[in-house]
2 protein chains.
Amino acid sequence: MGVLEAAKTRAAALETAVELPLGQILSGDCVEAMRRLPDACVDLVFADPPYNLQLGGDLNRPDGSHVDAVTDEWDRFDSFAAYDQFTRDWLTEVRRVLKSDGALWVIGSYHNIFRVGAILQDLGFWILNDVVWRKSNPMPNFRGTRFTNAHETLIWASQGEKSKYQFNYRAMKTLNDELQMRSDWLFPICGGGERLKEGGHKVHPTQKPEALLYRVLLSTSERGDVVLDPFFGTGTTGAVAKRLGREWIGCERESGYRKAALARIEKELPLDESALSTMQAGRSAPKVAFGALVEGGLIAPGTQVFDKKRRWTATVRADGSLICDKQHGSIHGLGKELQGAPSCNGWAFWHYEVEGEIKPIDAARQLYLLAAED
Amino acid sequence: MGVLEAAKTRAAALETAVELPLGQILSGDCVEAMRRLPDACVDLVFADPPYNLQLGGDLNRPDGSHVDAVTDEWDRFDSFAAYDQFTRDWLTEVRRVLKSDGALWVIGSYHNIFRVGAILQDLGFWILNDVVWRKSNPMPNFRGTRFTNAHETLIWASQGEKSKYQFNYRAMKTLNDELQMRSDWLFPICGGGERLKEGGHKVHPTQKPEALLYRVLLSTSERGDVVLDPFFGTGTTGAVAKRLGREWIGCERESGYRKAALARIEKELPLDESALSTMQAGRSAPKVAFGALVEGGLIAPGTQVFDKKRRWTATVRADGSLICDKQHGSIHGLGKELQGAPSCNGWAFWHYEVEGEIKPIDAARQLYLLAAED
DNA sequence: CGCCCTTGTGAATCGACGC
DNA sequence: AGCGTCGATTCACAAGGGC
């Protein structure tokens, strides 16, 4: 990067820092609101658009009581074409304000998610996963006419196929008891003390559980990232963002929701430094070069290392490289060459003897990391 | 209906009965093949179209071994537009051959399901549920770059909003231990003895588990219904249809698949004569429904069960309910009724014979749980 | 026969970085 | 943009062999 470009970037960054409405809810239609934001200023978008629910008449429970369903005016669209146009409009604006390595989450049900998914693919977004929110306590199908609608679908997508999106693999694996996090997540629906109510009535018909946003933000954003929610509602995204040390921007048309959201987020407390830093450590374990172990004395130069079946034995050199007959290279590269394999994880492939036991050299790395913690 | 129309309908029904290629696999492109079928002759369609995976380079496991991916020519499309056109074509033909009160199932992944869902809505199909097949043993994400892709999505749709589709609510509730069947289903991927192999290699890259088709056909079709599968592959739909007493028609381009499917279905026995199938038990929720044992093949439909003193004998039905003379119900409900007791633990009450021994049906549950443990 | 260990494999849009 | 280098990654089963 030249001097001029660097100066420009700094200026743009400065301008952005000054102008971005962080911690604010923009009023009015979300497309109009997003137009007030500069290009490529947002790291992550979470969107919970109207579901285009096509409810016929009223819905009653078997005991005759009335189901307080979504009948709000904002959730009615005259046709699929109108809904599609609406979807293209807000997704296009999201695409503009999102950084090129940013990502998008959308949540929906079978009423709208197929249209949203197809349109975002058409716009160039690259789907990374679809994720299923399994509701532990869904509303039953009172009429016994279909399967209990027990899940909603989320789509996680990057700006394009080549984007370098953020994924906190380690944090997710830790959160899931050392197993890879799967694409099906189990959470209860939003209720109890978490559900905003006023005069005994729920403030918003489709308030999302905070646990859902917690996992979304923890998995695909970093501390300090700017998170935009174009359909802010009562501000679950903002509340969880604040808690996790992320910046946030909301868009919301209805002043009642804006007011409730601001009051809610005001009360929210950020997690303290230690809680956040612990997660950070889990998120991206510092990389350790094999050479650092040699340097640190955990593995002496001259140590013999070998694969599990003792087909090959190599010697550790002072610079952290291995030598085996006339071939030499890094722990990964030499393992790969010797096996003729397309790749090799040297940490798992090479073993050494310590106190009479055979251990993968990764054991030494774990010791090193343990010592480095404190 | 006037006299003339009635006569026409009868004639059409007669003609259909004579001409429909029941129990046959039509060769060639499925759109061409379906054109050979009359209008409105099919009760249920199950479709497993190409997913349009668009895979990049090779993928290796962390141990260096190679993943045998779907590289077949039938999964290649030049663009979303080409895939959409293909989808519109076959769905349009499905719509014609399907009865007005018939229904459609489609299965897919995030690569294609959003496009399929939007197009079928555009064509006038009315989505009844989206259903998630949660895989108990999915392939991990080896590179740690995303969430484990642990599910596929099914869409269940009727011909239109007002259609009187078939839904066997009672059967599903019984199958699920007296709880409404939810929209998330847990099954293992197809493997073991169920997976068709030739010379040690899988015959079809994407063979679906029979338990999945079992639930689809049991929930949304009746005995004697005509089930059409436009992407027949190795004939899971046909095999399960035959077992459950449904008629079937398949379409399949590749002669190798057709041959394998016919041989497989030939061996299949209709329900009441069926021996214990080789289907493996799935990983289960802690609570096991009796229906899951039937679905998983641990107890075959048609099995005789009886109380310890052999006062009553009942027959296991395909949905996991029991029938004894004219009374029927769940294992708990029927036991309670027959004894005139206030309640009954069906697991302890009912027994069956296995390898010459009399065991409570709870023994089968224990086996099931054992398989699901670890 | 049972137990333990090893090996194989499944619809997968599966690096990052520097030169 | 292409290429070489460094580096970091897996879960649930089934099947088969050894003892």
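Quick caveat: nothing in here was measured; it's all calculated off a predicted structure. Every heavy atom of this structure was used, including side-chain atoms; hydrogens, water molecules and symmetry mates were not. So that the names make sense, note that chain A is the first sequence line, chain B the second, and so on, each numbered from 1.
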Taking any strand in view, what nucleotide pairs with [N] in a Watson-Crick or G-U wobble way, both distances under 3.5 Å?
N      : result
D:dT10 : none
D:dC3  : C:dG18
C:dA12 : none
C:dG2  : D:dC19

Rounded interatomic separation in angstrom, taking [atom1] from [X] and [atom2] from [N]:
X        : N      : atom1 : atom2 : answer
B:Leu55  : C:dA11 : CG    : C1'   : 8 Å
A:Ile361 : D:dA8  : CD1   : C1'   : 12 Å
A:Tyr169 : C:dG15 : OH    : P     : 13 Å
B:Met139 : C:dA11 : CE    : C1'   : 8 Å
B:Leu196 : D:dA14 : CG    : P     : 17 Å
A:Gln166 : C:dC14 : CD    : P     : 19 Å
B:Leu59  : C:dG10 : CG    : C1'   : 11 Å
B:Gln207 : C:dT9  : CD    : C1'   : 14 Å

With a non-hydrogen cut-off below 4.0 angstrom, is [X] in contact with a base, only sugar-phosphate, or nothing?
X        : answer
B:Thr206 : base
B:Asn141 : base
B:Asp48  : base
A:Gln180 : sugar-phosphate
A:Leu128 : nothing
B:Pro209 : nothing
B:Gly57  : base
B:Asp68  : sugar-phosphate
A:Trp347 : sugar-phosphate

The side chain of [X] lies closest to which of these nucleotides: [options]?
X        : options                : answer
B:Asn149 : C:dG10, C:dA12, C:dA11 : C:dA12
B:Trp74  : C:dA12, C:dA11, D:dC13 : C:dA11
B:Pro140 : D:dA8, D:dC11, C:dA11  : D:dC11
B:Ser136 : C:dA12, C:dG10, D:dC13 : D:dC13

Q: In sequence, state the C-alpha distance, the side-chain angles, and the governing distance for B:Asp68 and B:Lys202, and then conclude on salt bridge (charged side-chain N to carboxylate O under 4.0 Å, His left out).
A: CA-CA 10 Å; B:Asp68 183 18; B:Lys202 52 190 176 191; 3.7 Å; yes

(Q) For C:dG10, does the base pair up with any side-chain atom of B:Arg61 as donor and acceptor (N or O, under 3.5 Å, distance only)? (A) yes

Measuring only the [atom1] atom in each nucleotide, how far is [N] from [M]? A whole number of Å is fine.
N      : M      : atom1 : value
C:dC14 : C:dG10 : C1'   : 15 Å
C:dG8  : D:dT10 : C1'   : 13 Å
D:dC19 : C:dC1  : C1'   : 12 Å
C:dA11 : D:dA15 : C1'   : 23 Å

Q.
Would you call the rings of A:Trp185 and A:Phe187 parallel, tilted or perpendicular, taking 30° and 60° as the class edges?
A.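 Aromatic pair A:Trp185/A:Phe187 classed perpendicular.
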
Q: Return the orientation label for the A:Trp312 and A:Phe349 ring planes: parallel under 30°, perpendicular over 60°, tilted otherwise.
A: tilted

Aromatic ring proximity [X]/[Y], centre distance under 6.0 Å:
X        : Y        : value
B:Tyr51  : B:Trp74  : no
A:Phe290 : A:Trp350 : no
A:Tyr165 : A:Trp156 : yes

Q: Map B:Arg143 and B:Asp75 onto DNA chain C by nearest heavy atom, then report which one ends up closer to the 5' terminus.
A: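 So the residue in question is B:Asp75.
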
Q) Is the closest side-chain heavy-atom distance between B:Thr148 and A:Met181 below 4.5 Å? A)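 Side-chain contact under 4.5 Å: no.
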
Q.
For a quick test of reading the model: is some side-chain N or O of A:Lys173 closer than 4.0 Å to OP1 or OP2 of D:dC11?
A.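 Checking D:dC11 against A:Lys173, a side-chain N or O does come within under 4.0 Å of OP1 or OP2.
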
Q. Just to confirm, is there a sub-4.0 Å distance from OP1 or OP2 of D:dA12 to any side-chain nitrogen or oxygen of B:Lys135?
A.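 It does not, given that no N or O in the side chain of B:Lys135 lies less than 4.0 Å from OP1 or OP2 of D:dA12.
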
Q: Assess B:Arg115 against B:Tyr83: is NZ or CZ under 6.0 Å from the centre of the six-membered ring, and within 45 degrees of the ring's axis?
A: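 That pair does not qualify as a cation-pi contact.
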
(Q) Quick check on DNA chain D: between A:His332 and B:Pro138, whose nearest nucleotide comes earlier from the 5' end? (A)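 Its nearest nucleotide being more 5', the pick is A:His332.
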
Q: Between A:Glu178 and A:Cys344, just flag the one whose closest nucleotide in DNA chain D comes earlier from the 5' side.
A: A:Cys344

